[in-house]
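Here, residue 1 is the first one in the sequence, and each next residue gets the next number.
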Amino acid sequence: SQIAPPATPQPIEDDRDNLQPNDRTVLIIEDDRTFSKVVTDLAQEQQFKYLIAEDGKVGLEMAEQYKPNAIFLDIGLPQLDGWTVMERLKDNPDTRHIPVHFMSGHEQSMDAKKMGAIGYLRKPVNVEQLGAAFKDIERFIDDSVKNVLILVDNEAHQQHIVSLVGGDDIQTTFFATKAEALEHLKNGTCECIIIDVEAENATGVELLTQLYKEERLSKIPVILQAERDLNDSEQDILQQVSRNIAVKTVKSPERLLDEATLFLHQIEADLPEEKQKMLRVVHDKEAIFKGKKVLLADDDIRNTFALMTVLEEKDMEVVVANNGIEALEFLDEHPDVAIILMDIMMPEMDGYEAIQKIRAQPRYRQLPILALTAKAMKGDKAKCIEAGASDYLAKPLEVDKLFSMLRVWLYR
């Protein structure tokens with residue numbers, strides 16, 4: 001007897017054919033119909049029209065087409081997962097401003113918030129939590145002016161920050177001391193905090209420790225403005241608080257503007273042309289590689305040749321070392337190296353030892369080092385990070401993943 005093919009589920013009905021110009025709309029990207037029904041029922045109760053996508057690819061297309069007021073985004077989706085959908089939403093100037101609430105069975109809220117999410121719902125979600133999420137969205141739509149608190153005590157730095165993040169829809173409030181900023185925050189709130197690390201005799205970073213202690217305040221995203229490398233004690237504070245606070249460190253004006261528009265959900269098309277140009281530079285996925293020098297340490301000739309080819313196609317300059325000893329020598333000869341790709345299994349001096357020796361030199365504390373290992377064994381990543389690697393890639397390398405990771409570390 002023939003087995004009948006599985007029945008294709010009927011598409012869920014939504015409001016896409018029934019939208020009016022002033023409707024409040026929410027896009028629900030979720031493949032679990034039981035759960036999406038709970039969200040749509042609540043959307044109707046809260047006077048929102050709703051749109052439904054059951055995979056990441058369709059969700060992305062609908063976000064671009066309908067530009068909803070908000071998005072509920074599940075992480076475990078067919079076609080494209082929620083992280084990829086979020087990355088593409090935030091890379092697109094037409095959808096970047098849309099507030100996104102993540103939904104997932106796993107606790108990864110900090111990753112979501114650093115990407116610009118306004119909320120994170122851990123499944124199973126109850127109706128109260130969903131109701132609170134809708135209230136956040138309503139508040140967000142109704143608040144035409146966004147509040148930014150800025151800790152800065154240098155007038156030139158203040159002017160510089162205002163020229164980048166100021167605007168008709170932005171209310172900036174300045175404080176010269178951590179105590180004043182904290183006092184203001186205890187009595188009010190804001191959408192984003194900008195800290196000049198040089199404030200109060202270069203103790204600006206210490207405000208993070210105080211925000212960390214207050215649950216309500218630790219939910220506010222923070223941008224650290226630092227034109228220099230952070231010192232060891234500042235790095236320690238950053239590491240300690242980054243489990244609870246969505247904090248981004250920026251060095252360039254373009255990155256400050258980029259992170260501020262992300263956390264404030266500003267519509268890029270409404271910004272002055274000059275600022276739009278700056279954002280285009282940040283989001284030009286190829287420009288970031290041009291002219292950057294890479295130190296590639298690997299004893300496998302076939303591997304280095306293949307990697308050199310793909311890196312040079314992006315106009316990167318590649319210096320090749322055959323082992324850890326050579327890597328250290330070449331780094332002395334090429335102090336302008338922007339990033340290191342370090343194979344772990346090499347003769348004479350392996351990658352772990354080479355990374356430790358590089359990190360022992362203060363001038364290379366912040367230099368991005370990506371560890372490459374053929375052994376995708378459990379514990380490898382922890383061992384690489386412990387040695388001082390910034391991140392980790394298992395061989396054979398996926399080219400897209402490599403460039404995605406290079407972008408992350410070269411943007412900093």
Using a 3.5 Å distance criterion without hydrogens, assess whether the side chain of [X] forms a donor-acceptor pair with backbone atoms of [Y].
X	Y	value
Arg24	Lys49	no
Gln356	Ala387	no
Lys275	Leu164	yes

- prompt: Between Asp236 and Ser233, is a side-chain hydrogen bond (donor to acceptor under 3.5 Å, both in side chains) present by the stated rule, with each step listed?
  reply: CA-CA 5 Å; Asp236 289 344; Ser233 65; over 6 Å; no
Any side-chain heavy-atom pair of [X] and [Y] under 4.5 Å:
X	Y	result
Val38	Thr34	no
Leu211	Asn244	no
Met278	Pro253	yes
Met86	Ile71	no
Asn92	Arg88	no
Ile52	Glu30	no
Ile340	Leu331	yes
Val197	Leu230	yes

So that I can tick it off, tell me whether [Y] and [X] are bridged by a salt bridge, with the cut-off set at under 4.0 angstrom between side-chain N and carboxylate O.
X	Y	answer
Arg280	Asp284	no
Lys277	Glu273	no
Lys248	Glu259	yes

Which atoms form the tightest heavy-atom contact between [X] and [Y], and what is the distance?
X	Y	answer
Asp31	Gly76	OD1-O, 3.5 Å
Arg228	Ala202	NH2-CB, 4.1 Å
Arg122	Val125	O-CG2, 3.5 Å
Leu264	Phe140	O-CZ, 4.4 Å

Does [atom1] belonging to [X] count more than 12 external heavy atoms closer than 6.0 Å?
X	atom1	result
Asn187	CG	yes
Asn201	CG	no
Lys57	NZ	no

query: Do Ile220 and Leu185 pass the side chain to side chain contact (heavy atoms under 4.5 Å, CB included) test, and can you show the C-alpha distance, the side-chain angles, and the key distance before you say yes or no?
result: CA-CA 10 Å; Ile220 305 168; Leu185 282 166; 4.0 Å; yes
In Å, rounded to the nearest 0.5 Å, how long is the span from [atom1] of [X] to [atom2] of [Y]?
X	Y	atom1	atom2	result
Leu367	Ser390	CG	OG	7.5 Å
Leu149	Thr189	CG	OG1	9.5 Å
Glu200	Glu180	CD	CD	8.0 Å
Glu13	Thr40	CD	OG1	11.5 Å
Leu51	Met62	CG	CE	4.5 Å

- request: Check step by step if salt bridge (Lys or Arg N to Asp or Glu O under 4.0 Å) holds for Glu128 and Lys135.
  value: CA-CA 10 Å; Glu128 284 74 27; Lys135 284 278 171 281; over 6 Å; no
task: Anything under 30° is parallel, anything over 60° is perpendicular, the rest tilted; go ahead and classify Phe72 against Phe134.
output: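 Tilted: the ring planes of Phe72 and Phe134 meet at 30° to 60°.
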Test: Lys113 cationic atom under 6.0 Å from Phe263 six-membered ring centre, within 45° of axis: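 No - Lys113 does not lie over the ring of Phe263 by the 6.0 Å and 45° rule.
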message: Evaluate Thr25 against Asp23 for side-chain hydrogen bond (donor to acceptor under 3.5 Å, both in side chains), listing each step before the verdict.
response: CA-CA 6 Å; Thr25 55; Asp23 284 338; over 6 Å; no
message: I'd like to know whether Leu271 forms a side chain to side chain contact (heavy atoms under 4.5 Å, CB included) with Leu279, so could you lay out the CA-CA distance, the side-chain angles of the two residues, the decisive distance to 0.1 Å, and finally the verdict.
response: CA-CA 10 Å; Leu271 296 172; Leu279 291 173; 3.7 Å; yes
